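We name chains A, B, ... by the order of the sequence lines, and we start the count at 1 in each one. Computed from a predicted structure; not experimentally measured.
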Protein chains: 2
Amino acid sequence: MAPRETNPNFMNGVPELIILRLLQHEEMYGYEIVQAIRERTDAVIVVGEGVVYPVLHGLEHDGALRSRRKTVNGRSRIYYSVTATGSRRLATLSKTWTDLAAAIQTMLTGGHHAKTAS
Amino acid sequence: MAPRETNPNFMNGVPELIILRLLQHEEMYGYEIVQAIRERTDAVIVVGEGVVYPVLHGLEHDGALRSRRKTVNGRSRIYYSVTATGSRRLATLSKTWTDLAAAIQTMLTGGHHAKTAS
DNA sequence: CGATGATACCTTGCGATTCGATGTATTGCA
DNA sequence: TGCAATACATCGAATCGCAAGGTATCATCG
């Protein structure tokens with residue numbers, strides 16, 4: 001996951017942000033995450049498995065996540081949880097998202113011109 | 001610009017959204033847009049010319065923008081303005097953005113839903 | 001028993017978008 | 001003359017998200 005130098009490739013990395021956030025709350029496994037995102041956003045956001053798994057692997061590779069196998073009902077699952085590194089990453093991404101969303105919101109609703117009305 | 005079937009390719013198209021919004025307010029030309037975005041967002045968002053011009057051309061091609069040449073101070077500029085089609089497009093994109101941003105915001109700050117236990 | 005569907009993992013190819021660099025031309029200024 | 005700013009444009013590379021497909025296990029139903 002190469003860092004951008006100017007913008008954070010805009011809004012890319014939103015899946016990453018959401019996944020980190022979910023995992024910070026509680027340990028989850030890939031398949032579960034896919035459904036959790038759909039349900040909790042009322043299907044406004046739907047990320048497929050082809051998005052979730054690569055992100056999970058990438059984050060683990062970067063040390064942001066930790067995984068452990070667990071078999072439940074004869075079903076093998078891989079549970080992921082956030083590391084300290086991951087927490088920091090989440091904080092950074094959250095802030096970036098907030099700033100960006102605020103900037104866009106300003107452009108959409110905000111005053112039109114009027115730069116620094118003094 | 002192909003429509004997505006599930007999500008709007010997430011946050012892609014934000015430049016398009018911003019540009020349409022700027023142009024709805026007033027006629028502008030490419031070079032001006034680049035700077036306007038940087039200035040009005042306090043450099044939180046910076047889109048290069050390599051982003052702006054292609055978007056401008058694409059939107060005009062789709063009939064969302066209209067252009068007219070104008071020479072000012074011996075400088076040739078191409079001013080763009082929003083058509084009715086463009087206005088509709090802006091409305092759609094705005095709504096999509098708002099919904100998406102709200103959903104993400106909910107995930108970030110929102111309550112930790114207890115899921116269906118057992 | 002066999003079929004189907006849900007669970008659970010994973011990878012790949014494609015398309016779309018953005019980014020940085022580069023190119024051209026004109027104007028203003030020192 | 002040389003340099004910076006203005007103003008247009010395009011290209012190659014990188015990235016990301018997505019749909020589709022692949023494997024395997026388990027539960028259920030006929």
Engineer: For A:Ile18 and D:dC16, give me the distance from atom CD1 to atom P, rounded to whole Å.
Structural biologist: 16 Å
Engineer: Under a 4.5 Å cut-off applied to non-hydrogen side-chain atoms, are B:Arg40 and B:Ile45 in contact?
Structural biologist: no
Engineer: Between D:dT10 and B:His57, is there an OP1 or OP2 to side-chain N/O distance shorter than 4.0 Å?
Structural biologist: yes
Engineer: Nearest to the side chain of A:Val47, heavy atoms from C-beta on, is which of C:dT11, D:dC18, D:dT10?
Structural biologist: D:dC18
Engineer: Check the distance between C:dC9's C1' and A:Arg68's CZ and give it to me in whole angstrom.
Structural biologist: 17 Å
Engineer: What's the OH-C1' distance between B:Tyr79 and D:dA7, to the nearest Å?
Structural biologist: 11 Å
Engineer: Are A:Tyr79 and A:Glu26 side-chain neighbours, meaning at least one heavy-atom pair lies under 4.5 Å?
Structural biologist: no
Engineer: Just how far, in rounded Å, is P of C:dA16 from CG of B:Leu59?
Structural biologist: 15 Å
Engineer: If you restrict it to nitrogen or oxygen atoms, what contacts under 3.5 Å exist between nucleotides 4-8 of chain C and the protein, and what is each distance?
Structural biologist:
{"unit_1": "C:dT7", "atom_1": "OP2", "unit_2": "A:Tyr31", "atom_2": "OH", "d": "3.4"}
{"unit_1": "C:dA8", "atom_1": "OP1", "unit_2": "A:Arg77", "atom_2": "NE", "d": "2.4"}
{"unit_1": "C:dA8", "atom_1": "OP1", "unit_2": "A:Arg77", "atom_2": "NH2", "d": "2.4"}
{"unit_1": "C:dA8", "atom_1": "OP2", "unit_2": "A:Tyr29", "atom_2": "OH", "d": "2.6"}

Engineer: Salt bridge check: are A:Glu27 and A:Arg68 linked by an N-O gap of less than 4.0 Å?
Structural biologist: yes
Engineer: For B:Asn73 and C:dC29, what is the distance between atoms CG and P respectively, to the nearest whole Å?
Structural biologist: 11 Å
Engineer: What's the CG-C1' distance between B:Leu56 and C:dT18, to the nearest Å?
Structural biologist: 15 Å
Engineer: Please state how far atom CD in A:Glu16 lies from atom P in D:dC16, giving the value in whole angstrom units.
Structural biologist: 8 Å
Engineer: State, with a plain yes or no, whether a side-chain heavy atom of B:Ile33 is found less than 4.5 Å away from one of B:Leu56.
Structural biologist: yes
Engineer: Please classify the nucleic acid contact of A:Gly74 as base, sugar-phosphate, or nothing, using heavy-atom distances under 4.0 Å.
Structural biologist: sugar-phosphate
Engineer: Could you check if a side-chain atom of B:Leu20 sits within less than 4.5 angstrom of a side-chain atom of B:Leu65, using non-hydrogen atoms only?
Structural biologist: yes
Engineer: Run the salt-bridge test on B:Glu16 and B:Arg89 with the 4.0 Å N-O cut-off and return the result as yes or no.
Structural biologist: yes
